[in-house]
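Just follow the structure's listing: the first ligand is 1, and inside any ligand the first atom is 1. Side chains are part of it too, since the values below use all heavy atoms of this structure and drop only hydrogens, waters and symmetry mates.
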Amino acid sequence: MCAPLRFYSTNRQVPAVGLAEALLQGQAADRGLFLPERFPPLPRSELAALRGRPYADVAVAVLRRFTAGVFDDDTLTALCRDAYDYPVPLEPVTGRCHLLRLDRGPTASFKDFAARMMARWMGRLHDDARRTLVILTATSGDTGSAVAHAYFGLPRVQVVVLFPPAEVSDRQRRQMTTLGGNVTMLAVDGQFDDCQALVKRAFADPDLRDVHLTSANSINIGRLLPQAVYYVYAYVNLADADRGEPVVVSVPSGNFGDMMGAVIAQRMGVPIETLVIATNANDEVPRFLATGRYEKIAPSRVCISNAMNVGHPSNLARLVDVYGGHLDETGTLRRPPDLAAMRRDLYAVSISDDETRATIREVYARHRVLLEPHGAVGWAGLQHALADRPALADRLAISVETAHPAKFPEEIRALLGIEPDVPPSLAGLDRRPESYERMPAAYEPLRDLLQARFNSR
Ligand SMILES: *Cc1c(COP(=O)(O)O)cnc(C)c1O
């Protein structure tokens, strides 16, 4: 196996670190985001050999290239088998278009894939560290529950989740507030952007140096690497990998962590010919690709695909970096990326709520396939790409469904007049007692709470 990979910061003001440090730090000390110094290749022959293998085996094949020197293969294999014990359906829909359903984990969103792996990695690494690790996270719905479930009950780990109560669905909230234990839930009187800003401020606050904070948001590299795996899994099972058959992949995007997983898979050797970035009305990235100018959207626009209501995606700095540019932590473009290459590889499109609803109706009426709002944005984005780029017309295509329709029963009922089947993971939620604390959208109360409860001195 090759030498351990190192991870550099997109701001390049600090030396590169190993995976363990990158995981435990979350964000680099210069407020940049970690990226691997190289993308280890997955040769065609190895890709082809992964066809038909269990998901956990594919995870090992991909992740061992990043974890070498940190976890041995036996440890990684055990962690992957433990984390990935649920199905990953690949559903043919129409023509050569497929749906990759990432909604069968314990909290019914794709975020389970990364949160479960990262929690297991951190749990192992933290064993040596001997202090309480505080996982601080902001959520617009699904991160909070995936992270809280993944870290629930881990020794010497506390989880603190900030969420905007008006922007999460009833079921999303209950998934987070019915755990208790080492999970502290804070309902912030504001928007997701406020929650994210508070979390970022806490990470940068020298007053909190005795609170061992780390991030489980997708700024943590541990949230990205496991998200490369399902693109490899889908590809090897649907494509002629021996021939290097090209594929079109569509990812409904908010903070761009899921999409960065696809970029990693692509750089490792999965021939993703076009990566469709489908956003809701928060269209700052489609505009950026079209104009070359980057402007955040503040406040972010409230859409029915609520987990994607992001006006300044935290992972955009990584995408800009892999295309040779530099976007700093304030959202200022210091060096432009290679826009021509981005426009060639990517297809970015914004989908309105009206079109999202129409897509849910149409895909159900025509194909009897049930989408929820996020997956519908991805599907609509894919159709735009196939229509706009004639060369893609007969390509194998994969659209990602990022959440289970039963997380959004109100919307599905209103649109289709049916009640989505409730997966076992969501059953019984309505009866469990909830507990959470309310907080204003101001920094001092958060700092005081973290100091009072988690100071390690
Ligand atoms: C988080 C989330 C997204 C957006 O993913 P990013 O990695 O933030 O782009 C899309 N759909 C659902 C259901 C989500 O929970």
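- Taking distance alone, with nitrogen or oxygen atoms compared against 3.5 Å, S109 stays at or beyond that limit from ligand 1.
- Using a 4.0 Å heavy-atom cutoff, M259 is absent from the residues neighbouring ligand 1.
- Judged by the 6.0 Å distance and 45° axis criteria, R438 is not positioned over the aromatic ring of Y436.
- Those atoms of ligand 1 with a heavy atom of D258 less than 4.0 angstrom away are 7 (O).
- Counting protein heavy atoms only, atom 13 (C) of ligand 1 is closest to D142 OD2, 3.1 Å.
- Closest protein heavy atom to atom 8 (O) of ligand 1: N255 N, 2.8 Å.
- In this structure, R267 forms a cation-pi arrangement with Y323, its terminal cationic atom sitting closer than 6.0 Å to the ring centre and no more than 45° off the ring axis.
- In summary, the atoms of ligand 1 found under 4.0 Å from a heavy atom of A403, numbered by their order in the structure, are 13 (C).
- Taking distance alone, with nitrogen or oxygen atoms compared against 3.5 Å, Q227 stays at or beyond that limit from ligand 1.
- Atoms of ligand 1 lying under 4.0 Å from any heavy atom of K111, numbered from 1 in the order shown and given with element: 1 (C), 2 (C), 3 (C), 14 (C), 15 (O).
- Panel note: side chain T356, backbone V377; no donor-acceptor pair is recorded below 3.5 Å.
- N282 contributes atom CG, which lies 8.5 Å from atom CE of M308 (distance to the nearest 0.5 angstrom).
- At least one donor-acceptor pair under 3.5 Å links the side chain of R65 to the backbone N or O of P41.
- Here R31 does not pair with D328 in a salt bridge; the nearest charged N to carboxylate O distance is not below 4.0 Å.
- With hydrogens and angles ignored, the 3.5 Å screen pairs no side-chain donor or acceptor of N309 with any backbone N or O of V302.
- Looking only at protein heavy atoms, the nearest one to atom 5 (O) of ligand 1 is F110 CZ, 3.4 Å.
- Distances from atom 4 (C) of ligand 1 to the heavy atoms of A146, G254, P373 show the closest one on G254.
- When hydrogens are left out, the protein atom nearest atom 12 (C) of ligand 1 is T402 OG1, 3.3 Å; that is the closest non-hydrogen contact.
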